[in-house]
Each structure stands twice: as structure tokens, then as C-alpha cells.
Amino acid sequence: MSTPTLLVLDAEPLPRLGRLTGRARIEHTDASSLAERLPHADVLLVWDFTSHAVREAWPGGGPRPRWVHTASAGVDHLMCPELADSETVVTNARGVFDQPIAEYVAALVLAMAKDLPTTLRLQGERTWRHRESTRVAGTRACVVGSGPIGRAIARTLKALGITTALVGRTARTGVHGPDELDRLLARADWVVAAAPLTDDTRGMFDARRFGVMQPSARFVNVGRGQLVVEDDLAEALNRRWIAGAALDVLSREPLAPESPLWGVPDLLISPHMSGDTVGWRDELGAQFVELFESWAAGRPLANVVDKKRGYVPGH
């Protein structure tokens, strides 16, 4: 087989692909030239996983890469009908972000239970004000999304003594089906959204769902911003329908300085960083190189996405 062409949709810092020297013809592109270069690539590495350039460029004419890998867990940013209907294999970065995101969720839960934002604010004001906090052991959590990230979150919350229910697309051993979601939300002290973005999950956390939750409940989203109707969440917090929330993902990123979300009471906002620990980019690069070696050798690829469903099935 001739040396395959690997096209990288760039983002800084660039991936370390030295192990592929002499084994692939590596070319780099940005969004502006992606469409004209796609027909000449055998493999596309979507290193800039915040870009929607693939979704916009893919419907053009000419050949398309046989394999697309995105350095992210979600694939909604690149999927379009033409890609979904093609023979191109799509893989994702499943496995890299599971435990880091689970640890971040645990940190958010503890921060809200122990009211750490107020502690930091009072310290900045040099104010000594004794308060009581919430014990997390013995509380209940509902984790929506039963993939590897959701399962890691459930394990980590259970280690804190939190009784945790996992909700997935279909009911199976250890996983509740979507028909049980409202019942579980009504009992949960912590609701964690970790589902992929699909037609079924888009906007699933809306005014009705926030109304189902108890007034003491707190909501965390580490899945996709579009899982949440953000205006409804803001109203739920302003009206005290729920006690608090944390968003690590937003429907539009970065969140504009003039967004009213910044001023919503009891809402913690972080810049899509829950899975990004020290060395995460190197881990993503190493994962891709291993996948490339399997692909070049004709071995089955791991992390193959069901393009119709929008995630890696079977887990």
C-alpha cells in the first residue's frame, strides 16, 4: 500500500505525531482550506474538536477520507447526513476523559455541598462567618448517560457514599431506561448530565424537567451544552425551583461576557475544562497513533462510532 495521506485539522498546540514519520504523509489544514483538501486525504484527524468545519466541508464533491478520528468524546460537531450515510469510519477519543471528568463532577458536588464559593468570597472580603454545610454521604444522585464517562461518574460518586442511579438509552442490568428518568429526578439530590448530544437528548433538561426536581436538588452538566435549555435553567435558579447548578459546557462557547448566565444566582460556570488534566493532549495524540497503527495494519479499530446514533455503542 502506498504511503497514506493524513490530514490534520489543526489547533494549537499541534499533536505529536513523530511516531508516524515515514509511515504517513502528514498535512495540516485549517477550516478555510479543509474542503479543497478533503478529497486528497486517506485519514482525517480532527484535532480542533471545537470546529464545525468538517460538518460544513464534508458535503462537497470528490472522494472522502476512509477514516475520520476526532480528539473528543462527542462527535456532534462533525456529523452531517452526508458523513453519516457514507462508508467512512468515524472514531472518537473514548477512554481519555472518563476519570478526569468523574473527578471534576465529584469536585463540583463537594464544592456545592460545602459551599466553597461562599467561603472564597468571604475570605476575599476578610469576613469570618460560620455556616453549616451539607453531608454528601447518604444523598442520592441521578447520572444521565450510561457510557464510559457516565459510569466513571457513578463509580466516583458512590465512593463518596452517594446512592447513584444511572440512566441510559435502554434499560439493562445496572442501568435505568429513559421511562424512569422523571421518577429518579424527583428523588435526586444531584442530577448529572453526561449524555451524548442526539435528537433524543437535545434540550432534554427544560422547564418541565427542572420542575420535576426537588427544591434542594443541584444540577451539573458535563455532557453537551445543548442538552440544557439554558433560559429554563436560569429561571429555575432565579425562582429557586432547584438549589444550584454547575455548567462546564454551554450551548455557545466561549460564553459571551454580556451573557446573563454570568449573573444567575447559585450557578457555577467553567470553560469546558472538566476532562482537561495535565498531559491530556499528549494522551490524545498517543491514542490516535495507536489507532493509526491498527488501521495501517488492517486490524479492527477501537472506538468506532455508530454514526446514526452519535456515539460508540455496546457499552
Could you go through the side-chain hydrogen bond (donor to acceptor under 3.5 Å, both in side chains) check for Thr50 and His272 one step at a time? CA-CA 11 Å; Thr50 66; His272 204 148; over 6 Å; no

Carefully, step by step, assess Ser32 and Asp30 under the rule side-chain hydrogen bond (donor to acceptor under 3.5 Å, both in side chains). CA-CA 6 Å; Ser32 65; Asp30 58 15; 2.6 Å; yes

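When only modelled atom types and interatomic distance are considered, Asp248 and Ser270 share a side-chain donor-acceptor pair under 3.5 Å. A donor-acceptor pair shorter than 3.5 Å can be found between the side chains of Ser146 and Arg172.
For Arg25, there are no salt bridge (Lys or Arg N to Asp or Glu O under 4.0 Å) partners two or more places apart in sequence or in a different chain. Considering only residues two or more places apart in sequence or on other chains, Arg202 meets the salt bridge (Lys or Arg N to Asp or Glu O under 4.0 Å) condition with none of them. For Phe292, the ring pair (Phe, Tyr, Trp, His ring centres under 6.0 Å) partners at least two apart in sequence or on another chain are Trp295.
Taking CG from Leu157 and CZ from Arg155, the interatomic distance works out to 11.0 Å, rounded to the nearest 0.5 Å. With values rounded to the nearest 0.5 angstrom, Leu181 atom CG is found 5.5 Å from Cys142 atom SG.
Residue pairs that meet the salt bridge (Lys or Arg N to Asp or Glu O under 4.0 Å) test with at least one member in residues 293-305, sequence neighbours left out, are Arg19-Glu293, Arg23-Glu293. Residue pairs that meet the ring-ring contact (aromatic ring centres under 6.0 Å, His included) test with at least one member in residues 26-47, sequence neighbours left out, do not exist here.
With Trp67 as the fixed residue, the side chain to side chain donor-acceptor pair (under 3.5 Å) test singles out one of Thr88, Asp42, Thr91: Thr91.
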Exercise answer: donor-acceptor pairs, residues 218-227 side-chain atoms, under 3.5 Å, sequence neighbours excluded:
| unit_1 | atom_1 | unit_2 | atom_2 | d |
| --- | --- | --- | --- | --- |
| Asn221 | OD1 | Gly223 | N | 3.0 |
| Asn221 | ND2 | Arg224 | O | 3.0 |
| Arg224 | NE | Asp76 | OD1 | 2.9 |
| Gln226 | NE2 | Ser251 | O | 3.4 |

